[in-house]
Amino acid sequence: MSNRFDDLPLSKEILKAIEIMGFEEATPIQTLAIPALIEGHDIIGQAQTGTGKTAAFGIPLLEKINTKSKDVQGLVLCPTRELAIQVAAELTSLASRKKGVFILPVYGGQPMDRQLRALSRGVQVVVGTPGRIMDHMDRRTLDLSSVRFAVLDEADEMLDMGFFEDMETILADTPEDCQKAMFSATMPAGIQSLAERFLRDPKTLKITQKRLTVPTIEQIWFEVRQHQKLDALCRVLDTWNPNRAIVFCSTKHGTDDLVSNLQARGYQADALHGNLSQTQRDRVMTRFRSGSLDILAATDVAARGLDVDDVDAVINYDIPNGAENYVHRIGRTGRAGKAGKAFTFVTPRETYALRDIMRRTKAQITQAQLPSKFEVANIKTQQLLEEVRAVMTENNLAKHTLLVEKFLDGDETSMQMAAALLKMLMKREFGDLDLAEDKAMKQSLSGETARLFFNLGHKAKIGPRDIVGAITGETGLPGRVVGAIEIRDRFSFVDVPAEHADAIIQALDGSKLRGCRLGVDKATPK
């Protein structure tokens, strides 16, 4: 069976949207579900989060929408607001070339009047949580009598969250001839009961899950907004300084855009995706293997069969499409017993997908705070000084020594000259960032400080970045307010501005840090 989208019975508008989104090929669940749903069958799709289920039901749903009518024709139920927002966003992208389609996410926590105004204007697709859908049904602000296509997404999760009766009531309110699709990772009795009652002669589509083994490498994730990803990537690359890194993107266009941005910032980067000819692909891989290319930005399809030793880091610029892809991606590093790191960027809407990856792989993926610009500047300065020391060790400086001696024929000292050269190099590298950050940090610590006691230390694998990340993450304070950090085996001391001490204690005491319960209090004077 073909896994090309243009081999599926799709309209040119949907195919154009898929091309714009940069998807290279249909996933297994999409290959099975899209034709069955377009033919009008009810289906039960047994597949995990992140296997492309949204497009699997979203594409047929959008193909069946009558844009001349403003009645609600499509309904998608999701267990959480995060998933509802994510599904609505993907459906909106898939409908980008189909004029007159209006999609509305409805969920608790969002102002009701905004949803009421949108519903009164008319929408064809509603994506929502069971509780908020029921709320609108009770208010008579949501009429399901024209729904032609209903979907239960993550049905087993909704069952676990106590939404069985809500799902039952909502499905019962849709027309008898409404086409229905149910997606669930597992098939507990409650879900089977709903399927038997509401689905008509459904086709069962099951995607066999492989046994997943996660490489024993350090795995870290950062929460970032979409527009912050490029800056976050540069900070990760500058801080950990991998000799060879693979950065995974979800689309071909994404890899090209990323490479352009990285090259503009002076990184040796190139792209690997399905639009490249074999000659182009071979050229890129030759450069990457030889070390003349430091960063390879790739899609999942292009990286299949990629066999490169000594990859220091894998960075998931876009969260992988399911646990299998996650394992496949990060397995590119840490080979032959060598050390490796895997970093994953997660937007607030994607934490649901990350939790599913962690649950399925049983991997220890630790959340961390992105290094500050000041930390990056410090690290790059140290790297620069190490390069200087290496050149000095080579002791091939006779010609340059003569130039220095000639220059230092006045009152200048060699120390002043070295400092001036370092200042020039740092300014070219960072601008005035390092000076501004240093000044801000000194100002923040110039007032009265308080010393805090943390009950965790080296034994709990706690480092300065963990402590700074915990403080900034839980309080919103900038990292530069944190002063001296002293880490012992079983506890640590941290200097912070006295005015923020109580707020930091209240935010952190009793929380978790690297899986351990954290105790924070004011340190007892020596």
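Only a predicted model underlies this, so the values are computations on that prediction, with no experimental measurement involved. For reference, positions follow the sequence shown, starting with 1.
Salt bridge annotation for D177-R200: absent, with no cationic side-chain nitrogen under 4.0 angstrom from a carboxylate oxygen. Salt-bridge annotation for K341 and D312: absent, with no side-chain N of the basic residue lying under 4.0 Å from a carboxylate O of the acidic one. The existence of a salt bridge linking E154 and K53 is confirmed by a sub-4.0 Å separation between a basic side-chain nitrogen and an acidic carboxylate oxygen. Under a 4.0 Å N-O distance rule, the pair R360/D356 does not qualify as a salt bridge.
G457 approaches S492 most closely through the heavy-atom pair CA-OG, 3.8 Å. For the pair A17 and S96, the tightest heavy-atom approach, listed with the atom from each and the gap, is CB-OG, 3.7 Å. A pairwise comparison of heavy atoms in A313 and P242 identifies CB-CB, 4.1 Å as the closest pair. Minimum interatomic distance between Q30 and P35 (heavy atoms only, all atoms of both residues): O-CD, 3.9 Å. L452 approaches A501 most closely through the heavy-atom pair CD2-CB, 4.2 Å. Closest approach of T27 and G52 over heavy atoms only: OG1-CA, 4.1 Å.
The aromatic ring centroids of F57 and F183 lie less than 6.0 Å from each other. Between F453 and F491, the distance from one ring center to the other falls under 6.0 angstrom.
Side chain of S184 to main chain of M187: no donor-acceptor pair is present (N/O by atom type, distance under 3.5 Å, no hydrogens or angles). Judged by distance alone, with hydrogens and angles left aside, the side-chain atoms of R332 form no donor-acceptor pair with the main-chain N or O of I246 at under 3.5 Å. At least one donor-acceptor pair under 3.5 Å links the side chain of Q179 to the backbone N or O of L37. Judged by distance alone, with hydrogens and angles left aside, the side-chain atoms of E39 form no donor-acceptor pair with the main-chain N or O of A36 at under 3.5 Å. Between the side chain of N66 and the main chain of K68, a donor-acceptor pair closer than 3.5 Å is present. Panel note: side chain N455, backbone G519; a donor-acceptor pair is recorded below 3.5 Å. With hydrogens and angles disregarded, no donor-acceptor distance shorter than 3.5 Å links the side chain of T239 to the backbone of V236. Formation of a donor-acceptor pair under 3.5 Å by the D42 side chain with backbone atoms of A181 is not found in this model. At least one donor-acceptor pair closer than 3.5 Å links the side chain of T333 to the backbone N or O of V311. Side chain of Q124 to main chain of K70: no donor-acceptor pair is present (N/O by atom type, distance under 3.5 Å, no hydrogens or angles).
Using a 4.5 Å heavy-atom threshold, the side chains of Y326 and N321 count as separate. Residues L370 and V224 meet the side-chain proximity criterion, which asks for heavy atoms closer than 4.5 Å. Taking 4.5 Å as the limit, every side-chain heavy atom of I43 sits out of range of all side-chain heavy atoms of P202. By the 4.5 Å heavy-atom criterion applied to side chains, I319 and F345 are not counted as neighbours. Side chains of L144 and L75 form a contact here, defined as non-hydrogen atoms less than 4.5 Å apart. Within the 4.5 Å cutoff, side-chain heavy atoms of V76 are placed close to those of L61. Between F454 and L508 there is a side-chain heavy-atom pair separated by less than 4.5 Å. L262 places a side-chain heavy atom less than 4.5 Å from the side chain of L233.
Here L456 contributes atom CG and R490 contributes atom CZ; the two are 11.0 Å apart, rounded to the nearest 0.5 Å. How far CZ of R97 is from CD1 of I14: 11.5 Å, rounded to the nearest 0.5 Å. To the nearest 0.5 angstrom, E223 atom CD is 9.5 Å from Q369 atom CD. How far CG of N325 is from CG of D300: 4.0 Å, rounded to the nearest 0.5 Å. To the nearest 0.5 Å, atom CG of residue D153 and atom CD of residue Q86 are 9.0 Å apart. Expressed to the nearest 0.5 Å, how far CD1 of I133 lies from CE of M167 amounts to 13.5 Å.
Looking only at atom types and distance, the side chain of Q73 has no donor-acceptor partner in the side chain of S146 under 3.5 Å away. Side chains of R140 and H136: a donor-acceptor N/O pair is absent below 3.5 angstrom, by distance only. Using modelled atom types and a 3.5 Å distance limit, the side chains of S11 and E63 yield a donor-acceptor pair. Side-chain contact check for R81 and Q110: no donor-acceptor pair (N or O, by modelled atom type) lies under 3.5 Å. Between the side chains of D256 and H273, a donor-acceptor pair is found at a separation under 3.5 Å. For the 3.5 Å distance criterion, the side chains of E196 and S193 fail to qualify, holding no donor opposite an acceptor.
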Taking it one step at a time, do K16 and I20 satisfy side chain to side chain contact (heavy atoms under 4.5 Å, CB included)? CA-CA 6 Å; K16 184 63 178 174; I20 291 169; 4.1 Å; yes
Stepwise salt bridge (charged side-chain N to carboxylate O under 4.0 Å, His left out) test for K99 and E13: CA-CA 9 Å; K99 293 180 180 177; E13 292 86 2; over 6 Å; no
Do E350 and T347 pass the side chain to side chain donor-acceptor pair (under 3.5 Å) test, and can you show the C-alpha distance, the side-chain angles, and the key distance before you say yes or no? CA-CA 5 Å; E350 294 168 339; T347 67; 3.2 Å; yes
Between V127 and V106, does a side chain to side chain contact (heavy atoms under 4.5 Å, CB included) hold up when you go through it step by step? CA-CA 6 Å; V127 182; V106 298; over 6 Å; no
Apply side chain to side chain contact (heavy atoms under 4.5 Å, CB included) to residues T255 and V247 and explain how you reach the verdict. CA-CA 9 Å; T255 60; V247 183; over 6 Å; no
Step-by-step side chain to side chain contact (heavy atoms under 4.5 Å, CB included) determination, V327 to T361: CA-CA 8 Å; V327 172; T361 60; 3.8 Å; yes
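Using bins of under 30°, 30° to 60° and over 60° for the plane-to-plane angle, the ring pair F222/F343 lands in the parallel bin.
No more than 12 heavy atoms of other residues, nucleotides or ligands shown are found within 6.0 angstrom of CD on E165. The number of heavy atoms from other shown groups lying within 6.0 Å of CD (Q192) is above 12.
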